[in-house]
J.: 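Here it is, the structure in full.
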Amino acid sequence: MARAPRLILITVLAITLAMLVSCGTCSPAPFITSITPSSATAAGSQFLMTVNGNNFRHDSVVSWNGFSVVTTFVSSHQLVASITATDIHEPGTVLVSVFNPPEDSTTFVSGAIGVMSATTCSGKTSNAVSFAISP
């Protein structure tokens, strides 16, 4: 009879530990709300572009028409990207997005006896925002 209370105690401890260690979920994708400036003149000078939004991380990278540019993390709501004169040499529209690289695996405990498991989080890309390069 002493076994039943011990099993209940072990089960409660395992569930409590599971909740404290990790929820086993991945962080949300980044999201751009605005960019400043949102346009430039072709063949103009290099500049810094501020990207505002949500879910930015220290390792987030701004993408300029699919190519990574030098990115500085300011906060989880703001990044600064270095745009070169070469990036704006021709008129047109460029798509700006943010990429968060894959996260490390998160190990967590689940189940009544404490079964170990892992969640692998893939990289995530934000929505794309248009940047206009005028002639």
Side-chain angles (χ1 to χ4, degrees):
M1 287 211 177
R3 277 192 145 172
R6 188 177 305 164
L7 183 58
I8 292 171
L9 178 62
I10 290 171
T11 302
V12 169
L13 288 173
I15 292 170
T16 302
L17 181 60
M19 291 189 302
L20 292 175
V21 172
S22 172
C23 62
T25 61
C26 300
S27 61
F31 184 82
I32 298 174
T33 56
S34 66
I35 56 174
T36 305
S38 60
S39 64
T41 303
S45 300
Q46 67 183 15
F47 60 93
L48 295 176
M49 179 177 61
T50 301
V51 179
N52 297 301
N54 297 303
N55 306 317
F56 300 151
R57 303 185 331 219
H58 288 278
D59 58 352
S60 294
V61 178
V62 173
S63 175
W64 179 266
N65 239 16
F67 295 95
S68 299
V69 296
V70 175
T71 304
T72 302
F73 175 84
V74 177
S75 73
S76 62
H77 299 287
Q78 192 172 76
L79 302 170
V80 174
S82 180
I83 308 302
T84 67
T86 304
D87 293 329
I88 58 168
H89 71 282
E90 291 184 28
T93 301
V94 173
L95 294 178
V96 175
S97 61
V98 173
F99 177 71
N100 285 353
E103 297 176 66
D104 293 334
S105 295
T106 304
T107 303
F108 65 98
V109 179
S110 65
I113 307 300
V115 177
M116 297 301 283
S117 184
T119 300
T120 302
C121 300
S122 60
K124 296 180 179 146
T125 302
S126 73
N127 56 311
V129 175
S130 295
F131 182 93
I133 304 170
S134 58

J.: Could you tell me if the side chain of Q78 sits less than 4.5 Å from the side chain of V51, heavy atoms only?
T.: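 Not touching, per the 4.5 Å side-chain cut-off.
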J.: How about L95 and S130: do any of their side-chain heavy atoms sit closer than 4.5 Å?
T.: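 In short, these two side chains touch, coming nearer than 4.5 Å.
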J.: Does N127 use its side chain to pair, donor to acceptor, with the backbone of I32 at less than 3.5 Å?
T.: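 Yes, the answer is positive, given that a donor and an acceptor are paired below the 3.5 Å cut-off.
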J.: Do S82 and L48 touch side chain to side chain, with heavy atoms closer than 4.5 Å?
T.: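 They are in side-chain contact.
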J.: Drop me the distance from I133's CD1 to N65's CG, to the nearest 0.5 angstrom.
T.: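 It is 8.0 Å, given to the nearest 0.5 Å.
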J.: Is I35 reachable from V61 through a run of I, L, V, M, F, W or Y residues, each pair having side-chain heavy atoms under 4.5 Å apart?
T.: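 As far as the 4.5 Å side-chain criterion goes, I35 and V61 are not connected within one cluster.
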J.: How would you list, by chain and number, every residue that makes a ring-ring contact (aromatic ring centres under 6.0 Å, His included) with F47, sequence neighbours excluded?
T.: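 Counting only residues at least two positions away or on another chain, F47 forms a ring-ring contact (aromatic ring centres under 6.0 Å, His included) with F131.
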J.: Supply the atom-to-atom distance H58 NE2 to S76 OG, rounded to the nearest 0.5 angstrom.
T.: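 Separation between the atoms: 9.0 Å.
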J.: Taking the side chain from N55 and the backbone from A29, do they hold a donor-acceptor pair closer than 3.5 Å?
T.: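 It does hold such a pair.
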J.: Which heavy atom in S97 sits nearest to a heavy atom in A128, and how many Å separate them?
T.: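 Of all heavy-atom pairs spanning S97 and A128, the closest is CB-CA, 4.4 Å.
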J.: With the side chain counted from C-beta on, respond yes when W64 and I88 share a heavy-atom pair under 4.5 Å apart, and no when they do not.
T.: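 Counting from C-beta outward, W64 and I88 do come under 4.5 Å.
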J.: Find the distance between CZ (F56) and CZ (F31) and round it off to the nearest 0.5 Å.
T.: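 One gets 9.5 Å once the value is rounded to the nearest 0.5 Å.
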J.: Please tell me if the side chains of V62 and M49 come closer than 4.5 Å, counting only heavy atoms from C-beta onward.
T.: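 Yes, side chains in contact.
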J.: Where is the tightest heavy-atom contact between F99 and P102, given as atom of each residue plus distance?
T.: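 So the two residues come closest at CZ-CD, 4.4 Å.
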J.: Main chain of A43, side chain of H89: is a donor-acceptor contact present, judged purely on distance under 3.5 Å?
T.: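 A pair under 3.5 Å: no.
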J.: Closest approach of A42 and P135, non-hydrogen atoms and distance?
T.: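 In this case the closest contact between A42 and P135 is CB-CA, 4.5 Å.
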J.: By the side chain to side chain donor-acceptor pair (under 3.5 Å) test, which pairs, at least two apart or in different chains, include something from residues 32-45?
T.: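 Sorted result for residues 32-45: S34-N52.
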J.: Can you confirm whether K124 sits close enough to P30 that some side-chain heavy atom of one is under 4.5 Å from a side-chain heavy atom of the other?
T.: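 A side-chain contact exists here, since the closest heavy-atom pair is under 4.5 Å.
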J.: Tell me if a side-chain donor or acceptor on T71 pairs with a main-chain N or O of V69 at a distance below 3.5 Å.
T.: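 Yes; at least one donor-acceptor contact below 3.5 Å.
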